[in-house]
Amino acid sequence: MPELPEVQTVINHIKDDLMGEKIKSIIPLWTKVLHNFTPNDIYQKLEKKTVVDVIRRAKFIILQFHTGIIAIHLRMTGKLYFHLKNDYPKHCTAYIEFESGKKLIFEDVRKFGRFYLYNNLDHINHRHGPEPLDSSFTVKIFQGMLLRRRRNIKALLLDQSFLAGLGNIYVDESLWKSKIHSNSISNAIPKKRSEALFHNIRNTLEEAIVKKGTTIIDFSVNGESGKYAKMLQVFGRDGLECFKCGTLIIKNKVAGRGTYTCQKCQKVYT
DNA sequence: AGGCGTTCCTGGGGGC
DNA sequence: TGCCCCCAGGAACGCC
């Protein structure tokens with residue numbers, strides 16, 4: 001389940017090979033993978049069809065062209081990588097052919113991943129909150145955001161229109177580090193705790209990017225595994241002792257997601 | 001506004 | 001030994 005650090009890792013891995021490449025064609029092998037366009041649309045909308053930049057916004061990989069963007073969302077099992085052979089992997093749902101002969105493969109076992117074609121980032125920006133790692137995102141802004149809502153903290157942090165990029169793993173990690181129980185209500189969290197949460201979200205994401213993400217279930221880049229799995233403090237540790245207090249970590253469901261918690265360290269604020 | 005259920009998919013785990 | 005059922009999970013959407 002790729003979250004911000006995993007998406008950033010994919011971009012860091014393929015960006016140099018994408019820059020300056022000109023698209024020859026985009027081939028869907030499974031019809032629904034192109035969400036709002038057809039292969040022919042790229043001739044009209046992308047004009048020169050040359051990749052001028054590759055950036056991340058929220059959990060999207062953005063291929064920037066002179067007159068538009070292709071946004072790619074990996075959802076749960078999507079993988080994006082260059083492939084030299086002429087055959088396609090079993091779960092390849094689409095690929096992009098470049099004039100140079102390079103092929104960018106999109107492999108996606110569960111078929112939730114999608115490609116989108118837009119004129120610019122407006123459409124994505126409108127439905128997404130701030131980037132947690134941006135320098136413009138501050139403690140004060142975050143605390144204000146929490147106070148203006150009265151909502152379950154885990155549901156809120158997972159909500160991409162509130163804050164972009166977090167997913168199930170890094171939400172649990174950030175809440176544990178901040179000693180906040182996932183059943184807490186956003187505007188009941190004390191100032192000191194929300195300040196800690198702000199810093200722990202950023203530190204956790206930054207450290208995970210350095211470690212090239214977390215290898216859980218399906219995530220890897222060209223078979224290379226992320227190293228953050230070794231750093232996880234609560235996620236996936238049900239039945240094991242909390243690293244801070246020794247209490248057994250429990251797993252339950254919060255906001256419809258599998259959630260890992262230390263019932264002693266993490267306080268419920270309501 | 002917020003919470004919850006449903007949908008999309010498939011591999012894999014649980015139950016017997 | 002095998003097989004069937006059901007579920008996880010990101011995001012969008014509809015409903016209360």
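Just so we're on the same page: letters track the sequence lines, and every chain starts at 1.
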Looking only at side-chain atoms of [X], point me to the closest of [options].
{"X": "A:K111", "options": "C:dA11, B:dT10, C:dA8", "value": "B:dT10"}
{"X": "A:N152", "options": "B:dG3, C:dG10, B:dC9", "value": "B:dG3"}
{"X": "A:M76", "options": "B:dG11, C:dG9, B:dA1", "value": "C:dG9"}

Between [atom2] of [N] and [atom1] of [X], the distance in whole Å:
{"X": "A:L157", "N": "C:dA11", "atom1": "CG", "atom2": "C1'", "answer": "16 Å"}
{"X": "A:R114", "N": "B:dC9", "atom1": "CZ", "atom2": "C1'", "answer": "9 Å"}
{"X": "A:K90", "N": "B:dC9", "atom1": "NZ", "atom2": "P", "answer": "17 Å"}
{"X": "A:F60", "N": "C:dG10", "atom1": "CZ", "atom2": "P", "answer": "14 Å"}
{"X": "A:D159", "N": "B:dG2", "atom1": "CG", "atom2": "C1'", "answer": "10 Å"}
{"X": "A:K32", "N": "C:dG10", "atom1": "NZ", "atom2": "C1'", "answer": "16 Å"}
{"X": "A:R257", "N": "B:dC4", "atom1": "CZ", "atom2": "C1'", "answer": "12 Å"}

(request) Return the 5'-most residue of the pair A:F112, A:R127 with respect to DNA chain C, ranking by each residue's nearest nucleotide. (result) A:F112
Does [N] have its OP1 or OP2 closer than 4.0 Å to a side-chain nitrogen or oxygen of [X]?
{"X": "A:H73", "N": "C:dG10", "value": "no"}
{"X": "A:R151", "N": "B:dG3", "value": "yes"}
{"X": "A:R110", "N": "C:dA8", "value": "no"}
{"X": "A:H91", "N": "B:dG11", "value": "yes"}

(message) So that I know where these two stand, are A:Y170 and A:Y228 an aromatic pair - ring centroids less than 6.0 Å apart?
(response) yes
(message) Is it the case that over 12 heavy atoms from other parts of the model lie below 6.0 angstrom from the NZ atom of A:K179?
(response)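 Result for NZ/A:K179: open.
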(request) Over 60° means perpendicular and under 30° means parallel, so classify the ring planes of A:F142 and A:F137, tilted if in between. (result) perpendicular
(request) Return the orientation label for the A:Y88 and A:H83 ring planes: parallel under 30°, perpendicular over 60°, tilted otherwise. (result) tilted
[X] near the nucleic acid: base, sugar-phosphate alone, or nothing, with a heavy-atom cut-off under 4.0 Å?
{"X": "A:D108", "result": "nothing"}
{"X": "A:G258", "result": "sugar-phosphate"}
{"X": "A:R150", "result": "sugar-phosphate"}

(message) Can a side-chain donor-acceptor contact be found between A:T77 and A:D108 if the only test is distance below 3.5 angstrom?
(response) yes
